[in-house]
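One structure is given below, encoded as structure tokens.
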Amino acid sequence: MGSELVLRQKGTVATSGDNGYKAVQDKMSRLAGKMEDAGATLETLRRGIRANANKAARMTTDITHAELDRRYIEVMELLVDALVSAAGQARALEESALHVADLAQQTRAAHRRLYGGLDYVRTNRNVSTPKPGFFND
């Protein structure tokens, strides 16, 4: 059971079981970076979809002027509508990704504000802490 491979999708953020201060800071930083990358990719996708919608609209006009069969015009109009809708959805997804990136940065800053001092004290002391249960006897 322990030797099974776990597949990860490209672009996912791998995490470990470590939830120490520095590990959490690193995880939040990597999450924010991946979400910013996703936002940039979605923007590129949206622009491509928009360009295709504009080309399809010009082709619709050309088909109309060429007096071709009406069903070709209707299909092209449906295509333009679908592409415009897809561009809108890509924009919404892009905004969501950037919002998550902002939230991850805010969470990282709040975590640093709340626990940074504690981590500094814990990592820079020269006295060891008793193990849990040491004083229970």
Side-chain angles (χ1 to χ4, degrees):
M1 279 274 213
S3 64
E4 292 179 17
L5 294 176
V6 178
L7 297 178
R8 236 181 20 164
Q9 288 184 333
K10 180 182 175 208
T12 59
V13 178
T15 60
S16 65
D18 184 10
N19 289 321
Y21 174 79
K22 289 178 178 75
V24 171
Q25 287 288 303
D26 182 56
K27 289 175 188 177
M28 296 308 293
S29 179
R30 286 187 292 136
L31 174 64
K34 289 291 185 181
M35 294 311 291
E36 287 169 359
D37 292 347
T41 301
L42 287 164
E43 179 182 3
T44 303
L45 175 66
R46 179 183 54 83
R47 288 182 183 193
I49 292 171
R50 226 23 215 168
N52 287 337
N54 291 337
K55 287 178 189 176
R58 285 193 301 275
M59 288 180 79
T60 303
T61 303
D62 292 345
I63 291 171
T64 302
H65 291 332
E67 297 179 3
L68 295 178
D69 193 349
R70 179 74 191 149
R71 65 185 156 172
Y72 296 117
I73 297 168
E74 291 170 2
V75 167
M76 290 303 290
E77 288 172 346
L78 289 172
L79 176 63
V80 170
D81 290 344
L83 288 170
V84 168
S85 176
Q89 293 301 315
R91 176 68 178 179
L93 194 54
E94 173 191 351
E95 289 173 357
S96 293
L98 295 176
H99 180 68
V100 170
D102 287 342
L103 290 175
Q105 290 293 4
Q106 290 173 14
T107 302
R108 185 173 185 254
H111 183 260
R112 181 176 45 246
R113 188 177 63 254
L114 292 171
Y115 298 108
L118 177 62
D119 180 66
Y120 177 79
V121 168
R122 291 182 71 187
T123 57
N124 292 313
R125 67 179 171 205
N126 54 4
V127 177
S128 63
T129 304
K131 295 200 182 289
F134 177 78
F135 296 108
N136 290 347
D137 293 333

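- Atom CZ of Arg91 is separated from atom CD of Glu43 by 7.0 Å, given to the nearest 0.5 angstrom.
- The shortest distance between side-chain heavy atoms of Val84 and Arg50 falls below 4.5 Å.
- Residues Tyr21 and Leu114 share a single hydrophobic cluster, defined by chaining ILVMFWY side chains whose heavy atoms lie under 4.5 Å apart.
- Judged by distance alone, the side chain of Lys27 and the main-chain N or O of Asp18 form a donor-acceptor pair under 3.5 Å.
- Side chain of Ser29 to backbone of Gln25: no donor-acceptor contact under 3.5 angstrom is found.
- Heavy-atom contacts from other residues, nucleotides or ligands closer than 6.0 Å to OH of Tyr115 number 12 or fewer.
- Residues Arg46 and Glu94 form a side-chain contact, since some pair of their non-hydrogen atoms from C-beta on lies under 4.5 Å apart.
- Salt bridge annotation for Asp26-Arg30: present, with a cationic side-chain nitrogen under 4.0 angstrom from a carboxylate oxygen.
- Between Arg70 and Ile73 the shortest side-chain heavy-atom distance falls below 4.5 Å.
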| message | Pair Met59, Val80 - check side-chain contact (heavy atoms from CB on, under 4.5 Å), show working. | response | CA-CA 10 Å; Met59 288 180 79; Val80 170; over 6 Å; no
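- From Leu79, atom CG reaches atom OG1 of Thr60 across 7.5 Å, with rounding to the nearest 0.5 Å.
- When all heavy atoms are compared, the tightest approach of Ala97 to Ala38 is CB-CB, 4.4 Å.
- Side-chain heavy atoms closer than 4.5 Å link hydrophobic residues (I, L, V, M, F, W, Y) into clusters, and following such links, possibly through other members, connects Ile49 to Met76.
- Leu31 and Leu93 fall into different hydrophobic clusters, where Ile, Leu, Val, Met, Phe, Trp and Tyr are joined by side-chain heavy atoms under 4.5 Å apart, directly or via other members.
- In this structure, NZ on Lys55 lies 11.0 Å from CG on Leu83, to the nearest 0.5 angstrom.
- Within a 6.0 Å radius of CZ in Arg125, other residues, nucleotides and ligands contribute more than 12 heavy atoms.
- Under a hydrophobic clustering in which Ile, Leu, Val, Met, Phe, Trp and Tyr are joined whenever their side-chain heavy atoms come within less than 4.5 Å, directly or via other members, Leu78 and Ile63 fall into different clusters.
- Side-chain contact between Leu103 and Met35 is absent, with no heavy atoms from C-beta onward closer than 4.5 Å.
- The backbone N or O of Asp37 lies less than 3.5 Å from a partner atom in the side chain of Thr41, making a donor-acceptor pair.
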